[in-house]
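I have placed the structure first, in the form of structure tokens, so that the comments after it can refer back to it.
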Amino acid sequence: MKKIRMTNPIVELDGDEMTRVLWQWIKEDLIAPFVDLKSEYYDLGLPNRDKTDDGVTLAAADAIRKWGVGCKCATITPNLQRVAEYGLKRMYPSPNATLRAALDGTIFRAPVALKNIAPYIPGWKKPITIARHAYADVYKAAELRVTGAAAASLRVEYADGKTADKPVHTFDGPGVLMGMFNTDKSIYSFARACFAYALDEGRDLWFATKDTIAKTYDGRFKEIFAEVAAEFAARFEGKGIRYEYMLIDDSVARAVKSEGGFVWALKNYDGDVLSDMAASVMGSLALMTSVLVAPGGQYEYEAAHGTVTRHYYKHLKGEETGTNGVATIFAWSGALRKRGQLDGLPDLAGFADKLERAVEGAINEGVLTGDLAPLYIGTEPVKRVNAREFIREIAGRLG
Ligand code: NAP
Ligand code: MG
């Protein structure tokens, strides 16, 4: 069989633990036999991040900026325990946070909808895409431990010498303090990305914050969204879709009772938390896909879940694991399709579609990893498979 040729590379960001193992199997069984893969490889596995003083993460971000399409494996965000486990020089920041900060952008998280996997909320007939603002707020905040009685305030020093001050709290004993920020520029690009995505998909857009409490901070997000909504109003009307602003608590209550199908725009932290909720409702974290869309027109695809540490330790002991590779396979298919679209290679984009149909076909016909088995509502007899068998099943269907 002739392999599909590529012109420009995909920036490949390798990662850690069980997902690093899956990564290799997916490349071997699902890509290499069909595509003459051109990739620019960056090893973001923790040992190499440590070796390069995290330089590899910044180099990968530069490469995505240059080539436009990246595909990332899940990576460990080190905590104290990981520093000891890997003998790290220091506690590196989350590679995802570094990439988001470098590329700005919005993360769209959408579940893989499968007709024979029942969501935990039976009313959710259509997938919900979460659009998470991927820049700053609590992820770029400055934090301080306050060790005793103290007066804390916010201070801004403008370039022209003017200053603005605001007291935060007078401590009568120890406590904690945080200062966080966002920029109009990033909020505008977040809003435009959300409106453009909803328009493209022909789906309603919700945006939710807590502007009744954070009147200035969340209030600014609300104002900017209202302004961008006006820019898109005619096009939204033309498509018969709606934009709605609501309070975050109201939006959660309404989402649970809805039938799904909308794009749910959320600030960074809210998006982090609620995308895990939405993924779990759809069955398994392993069905949640994620793409970072940068204002410069770059795309970085990944699975929403982590490195599945618990399974990795079993794998190291030689035990079988039922790690579900779906979201990682969809990271690859998303990147290959985008590369195909950008480079005018219909065969490559078509292969990405085939790969996704093969995954959906296998699951709908009852070939399942352990996480999905209890959720299956199809009529075929269930065939439970391990991580590698699932990937080989897909390869068989592609061949
Ligand atoms: P996780 O890797 O997402 O795994 C949490 C649990 O969810 C697993 O133990 C497993 O449950 C289930 N799960 C997740 N993905 C699965 C899959 N593909 N197939 C089957 N089950 C799956 O989260 P974590 O254990 O909290 O984090 C592990 C590491 O990942 C951490 O070092 C963290 O920093 C990192 N992380 C990275 C990213 C990223 O790179 N985007 C995101 C999140 C976390 P059972 O054990 O019950 O089977
Ligand atoms: Mg999360």
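In each ligand, atom 1 is the first atom listed, and ligand 1 is the first ligand listed. Keep in mind that this is a model prediction, so the values were computed, not measured.
Here side chain to side chain donor-acceptor pair (under 3.5 Å) pairs that include residues 152-164, with residues two or more places apart or in two chains, are R155-E157, R155-D165, D160-K162.
Nearest non-hydrogen protein atom to atom 32 (O) of ligand 1 is R82 NH2, 3.1 Å. Protein heavy atom in closest approach to atom 48 (O) of ligand 1: H311 NE2, 2.8 Å. In terms of protein heavy-atom proximity, atom 36 (N) of ligand 1 is closest to G306 CA, 3.4 Å. Atom 35 (C) of ligand 1 has T75 O, 3.4 Å as its closest protein atom, hydrogens excluded (heavy atom only). Considering only non-hydrogen protein atoms, atom 7 (O) of ligand 1 sits nearest to L285 CD1, 3.8 Å. In terms of protein heavy atoms, atom 47 (O) of ligand 1 is closest to R310 NH2, 3.9 Å. The closest protein non-hydrogen atom to atom 13 (N) of ligand 1 is V308 CG1, 4.0 Å.
By the 4.5 Å heavy-atom criterion applied to side chains, W264 and T129 are not counted as neighbours.
Taking the six-membered ring wherever Trp is involved, the centroid distance between the rings of Y197 and F108 falls below 6.0 Å. A ring-centre distance under 6.0 Å is not found for Y245 and F225. When ring centroids are compared, Y243 and F232 stay outside the 6.0 Å threshold. Checked against a 6.0 Å centroid threshold, the rings of H169 and F171 count as neighbours.
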Could you go through R20 and D16, starting from their C-alpha distance and side-chain angles, then the distance that decides it, and tell me whether this counts as salt bridge (Lys or Arg N to Asp or Glu O under 4.0 Å)?
CA-CA 5 Å; R20 188 179 178 100; D16 291 298; 5.4 Å; no
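In plain terms, the two heavy atoms of H311 and T321 that are nearest each other are O-CG2, 3.3 Å.
Those atoms of ligand 1 that come under 4.0 Å of a heavy atom in E302, given as number and element, are 41 (N). Near T309, meaning under 4.0 Å from one of its heavy atoms, ligand 1 places the atoms 28 (C), 29 (C). Numbered from 1 in the order shown, with element, the atoms of ligand 1 that lie under 4.0 Å from a heavy atom of N324 read 17 (C), 18 (N), 19 (N), 20 (C). Which parts of ligand 1 touch K72 is read off a 4.0 Å heavy-atom cut-off, strictly below it: atoms 40 (O). Distances below 4.0 Å separate heavy atoms of A74 from the following atoms of ligand 1: 40 (O). Close approach to A286 involves these atoms of ligand 1, each under 4.0 Å from a residue heavy atom: 17 (C), 18 (N), 19 (N). Short contacts between ligand 1 and T323, defined as distances under 4.0 Å to a heavy atom of the residue, involve ligand atoms 17 (C), 18 (N), 19 (N). Atoms of ligand 1 found under 4.0 Å from any heavy atom of T77, numbered from 1 in the order shown, are 32 (O), 34 (O).
Within a 6.0 Å sphere centred on NZ of K140, other residues, nucleotides and ligands contribute 12 heavy atoms or fewer.
Every residue two or more places apart in sequence or in another chain that forms a side-chain hydrogen bond (donor to acceptor under 3.5 Å, both in side chains) with E244 is listed here: R242, R254.
K72 places no side-chain N or O within 3.5 Å of a backbone atom of Y301 that could act as its donor or acceptor partner.
At a 4.0 Å cut-off, not a single heavy atom of E17 sits close enough to ligand 1 to count as contact.
Of the protein's heavy atoms, none falls inside 4.0 Å of atom 24 (P) of ligand 1.
Across the listed options N96, I107, I76, N96 owns the non-hydrogen atom lying nearest to atom 39 (C) of ligand 1.
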